[in-house]
K.L.:
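Take a look at the following structure, please.
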Amino acid sequence: MAFLRAIAGIVAAALVLGVAELVAVFTGSGSAPAYALGATVVDHTPDGVREWAISTFGTSDKAVLFVCMGIVAVVVAGIAGYFERAARPIGSVLFAIFGVVAAVVGAGRVGGFAGALPALIGTAAGILALRGLTRRIDDASDSRRPATEPAAPQLGEATAAPEVGGEDSPVRTGASIAGAGRRRVLGSIAATGVLALGAGLAGRLLGGARHDVTAERETVELPRATAPLPDLPPDADLRVPGLTSYITPNSDFYRIDTALIVPQVSTDSWSLRIHGMVDQEITLTWDDLLRRTPVERLVTLACVSNPINGDLIGNARWLGYRLDELLAEARPHPDADMVLSHSEDGWTAGSPLSVLTDGRDALLAIGMNGEPLPVRHGYPARLVVPGLYGYVSATKWVTELEVTRFDRATAYWTRRGWSAQGPIKTGTRIDTPRGRGRIPQGRTVIAGVAWAQHRGVTGVEVQVDNGDWRPARLSTEVTVDTWRQWTYDWEATPGQHTLRARTTDTTGQPQTAVEQDVVPDGATGYPTLTIQVN
């Protein structure tokens, strides 16, 4: 019965999560214990572990987190069920501890008692299920014990040997009772599992139907820009096989954020509040934005967690409203130097006020590559700031711009040891040929992308086997705020070769060869690939 006890603990724990998911339909999806606890894990994960997860799993890091949490939950629930007894509720105590912790976390993240309800109600259901299953298992265990032997006959009493195998045989009767008890246990476990699955699916479906804004997004008509972008110059995209396209499709654009559940924000409820150290506080609704005329700009965004030769960078066509104009209407105080942007999910980023108002195309964006922002990329509105890493600028699902000072406020990642200001460093990436690959000898095209946002790329050089640096051919520059493609023709000879590349920006300085990790303000060094030529 030990195995059944562990299984009982697991299905009871599943019922906790399923019922909590169903209750969270009414209290907010972020209050479900799985997401509230997961978000807390993300918030308190050491930088080294976080960066390892991003570099190892990329944009699948959140799925991996849920898998790991699921494995831990199964193990703990199995242990709780194994030790639970009707007269010794050790497992129930473990469940109760989990429920209290999850309730406190949920209340803190969602706010108030409503945030605690899913964990409390779900845990109560799980404990009731665990207690009921345990009683059935205890009863079944008792029925498997040998029956008490009959009392010895008194002097003069006749005795009759029991008929072994008969209908009244203790052997057959005990086995029948034990079998029936085991079947009742299995049936109860199965029923609890079905109930847990049904509650979880119902919660997910109802929550999606109630909060999902995908259908709304498909009906949104974006306003026309004052001057839509012209067609790209023919040589802006070199169209070399294996080379990243100049414009990154929405489906391929990287996504790195702390949101375990993609916030679902409707245009009906969305607003942007500009407040803090300003003379005139402003609140803008979606309808207010539509009465304004947006601009359209090409801007490359990069994540500070992008390793050397990494893919956490992308280029898109953004439709939005100039932040310098919006901030000017609020009239920031002369001594303000930071804008703390707030996301719907509570995340914050601190951007230098001088950068947002120096004339660059810093935007409150509502469109991406000709369509409304994808939900996972910030629908209905986000920030796009050329030249700054995303952790200090690219707030998705943005709801507030708080004008303040760096010595008075800190943002999400700066509280965790990252630099307060994160200008994007000059860099490049080799897209083709692929590292550790095998290629035939002869003419080979080495190609990649280079960036120096808001400064501009003036040159890219390629080095083979510690030889001389040779200039690559650059694509046409469309704007200093986007990357440029480059190619280099190489006569590959048999053997193993090492390829490197470096970028020079308009300051005349090539990117540094000094290798630095992404913490605290972005990686540095040359992209280096090893190629085997046959």
Side-chain angles (χ1 to χ4, degrees), residues 20-32 34-36 38-39 42 59 62-63 66 106 109-111 114-115 118 200-224 248-273 283-292 294 301 314 316-321 341-349 363-384 390 394-401:
E21 188 82 29
L22 188 58
V23 176
V25 171
F26 308 98
T27 60
S29 56
S31 61
Y35 298 110
V42 170
T59 54
K62 296 176 180 62
F66 279 122
R109 298 197 71 87
V110 177
L201 289 177
R204 184 62 56 86
L205 292 175
L206 291 174
R210 184 176 182 181
H211 303 294
D212 188 22
V213 295
T214 301
E216 173 193 286
R217 174 185 174 272
E218 294 175 352
T219 66
V220 169
E221 293 187 10
L222 295 175
R224 291 182 60 84
T248 307
N250 291 353
S251 58
D252 296 336
F253 209 94
Y254 78 93
R255 178 205 163 197
I256 297 292
D257 52 53
T258 62
L260 294 181
I261 306 175
V262 176
Q264 305 290 316
V265 185
S266 170
T267 55
D268 293 334
S269 61
W270 177 86
S271 65
L272 178 70
R273 179 184 173 215
T283 299
L284 298 170
T285 66
W286 182 258
D287 289 337
D288 293 331
L289 290 185
L290 296 184
R291 284 190 285 269
R292 297 168 178 254
L301 298 184
R317 181 162 54 96
W318 306 95
L319 179 75
Y321 305 88
S341 51
H342 297 251
S343 171
E344 172 71 18
D345 67 343
W347 188 83
T348 56
L363 302 177
L364 173 68
I366 61 171
M368 182 178 183
N369 290 332
E371 61 183 63
L373 289 172
V375 177
R376 71 191 197 110
H377 285 297
Y379 175 86
R382 63 168 296 166
L383 300 188
V384 172
T395 305
K396 297 191 280 286
W397 315 288
V398 63
T399 58
E400 291 182 46
L401 298 180

K.L.:
Where the side chain of Trp397 meets the backbone of Gln264, is there a donor-acceptor pair that is under 3.5 Å apart?
P.N.:
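No: the side chain of Trp397 does not pair with the backbone of Gln264.
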
K.L.:
Between Thr285 and Asp287, is the side-chain hydrogen bond (donor to acceptor under 3.5 Å, both in side chains) condition met? List the steps.
P.N.:
CA-CA 5 Å; Thr285 66; Asp287 289 337; 5.1 Å; no

K.L.:
Could you go through the side chain to side chain contact (heavy atoms under 4.5 Å, CB included) check for Tyr35 and Glu21 one step at a time?
P.N.:
CA-CA 10 Å; Tyr35 298 110; Glu21 188 82 29; 3.8 Å; yes

K.L.:
What is the distance from atom CG of Asn369 to atom CG of Leu319, rounded to the nearest 0.5 Å?
P.N.:
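Asn369 atom CG to Leu319 atom CG measures 11.0 Å (nearest 0.5 Å).
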
K.L.:
Please name the pair of heavy atoms, one in Trp286 and one in Pro380, separated by the smallest distance, quoted to 0.1 Å.
P.N.:
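So the two residues come closest at CZ3-O, 3.6 Å.
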
K.L.:
Would the distance check show the side chain of Asp345 and the main-chain N or O of Pro263 forming a donor-acceptor pair, the cut-off being under 3.5 Å?
P.N.:
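The answer is no, because no donor-acceptor pair under 3.5 Å joins these two groups.
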
K.L.:
Within a strict 4.5 Å, meaning less than it, do heavy atoms of the Arg255 and Val262 side chains meet?
P.N.:
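With C-beta onward as the side chain, the pair touches.
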
K.L.:
Distance from Arg210 atom CZ to Leu205 atom CG, nearest 0.5 Å?
P.N.:
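With rounding to 0.5 Å, CZ (Arg210) is 15.0 Å from CG (Leu205).
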
K.L.:
Taking all non-hydrogen atoms of both residues, which atom of Glu371 and which atom of Leu222 are closest, and how far apart?
P.N.:
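Looking at all heavy atoms of both residues, the closest pair is C-CD1, 3.5 Å.
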
K.L.:
Taking the side chain as everything from C-beta on, heavy atoms only, tell me whether Val213 gets closer than 4.5 Å to Tyr379.
P.N.:
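A side-chain contact under 4.5 Å exists here.
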
K.L.:
Check for a donor-acceptor pair, side chain of Arg217 on one end and backbone N or O of Pro372 on the other, with a separation under 3.5 Å.
P.N.:
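Such a contact is found between Arg217 side chain and Pro372 backbone.
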
K.L.:
Within the distance-only criterion (no hydrogens, no angle test), does the side chain of Ser31 pair as donor or acceptor with the backbone N or O of Ala24 below 3.5 angstrom?
P.N.:
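No; judged by distance alone, with no hydrogens or angles, the pair does not exist.
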
K.L.:
Ignoring hydrogens, what is the shortest heavy-atom contact between Thr283 and Arg273? Give both atom names and the distance.
P.N.:
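That closest heavy-atom pairing would be OG1-CG, 4.0 Å.
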
K.L.:
Going by heavy atoms in the side chains, are Leu383 and Leu401 under 4.5 Å from each other?
P.N.:
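Result yes, sub-4.5 Å side-chain heavy-atom pair found.
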
K.L.:
Can you name the closest pair of heavy atoms from Ala394 and Arg382 and give their distance?
P.N.:
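Answer, listing the atom of Ala394 first, then Arg382: CB-NH2, 3.2 Å.
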
K.L.:
List the atom of Val25, the atom of Gly203, and the distance in Å for their closest heavy-atom pair.
P.N.:
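Minimum heavy-atom separation between Val25 and Gly203: CG2-O, 3.3 Å.
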
K.L.:
May I have the step-by-step check of side chain to side chain contact (heavy atoms under 4.5 Å, CB included) for Trp318 and Leu301, ending in yes or no?
P.N.:
CA-CA 11 Å; Trp318 306 95; Leu301 298 184; 3.6 Å; yes

K.L.:
Closest heavy-atom contact between Lys396 and Ser343?
P.N.:
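What the structure gives for the nearest pair is O-OG, 2.9 Å.
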
K.L.:
Under the rule for side chain to side chain donor-acceptor pair (under 3.5 Å), what residues qualify as partners of Thr214, not counting sequence neighbours?
P.N.:
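In terms of side chain to side chain donor-acceptor pair (under 3.5 Å), with neighbours along the sequence ignored, Thr214 is linked to Asp212.
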
K.L.:
To the nearest 0.5 Å, how far apart are CG in Leu364 and CZ in Arg292?
P.N.:
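Reported value, rounded in 0.5 Å steps: 9.5 Å.
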
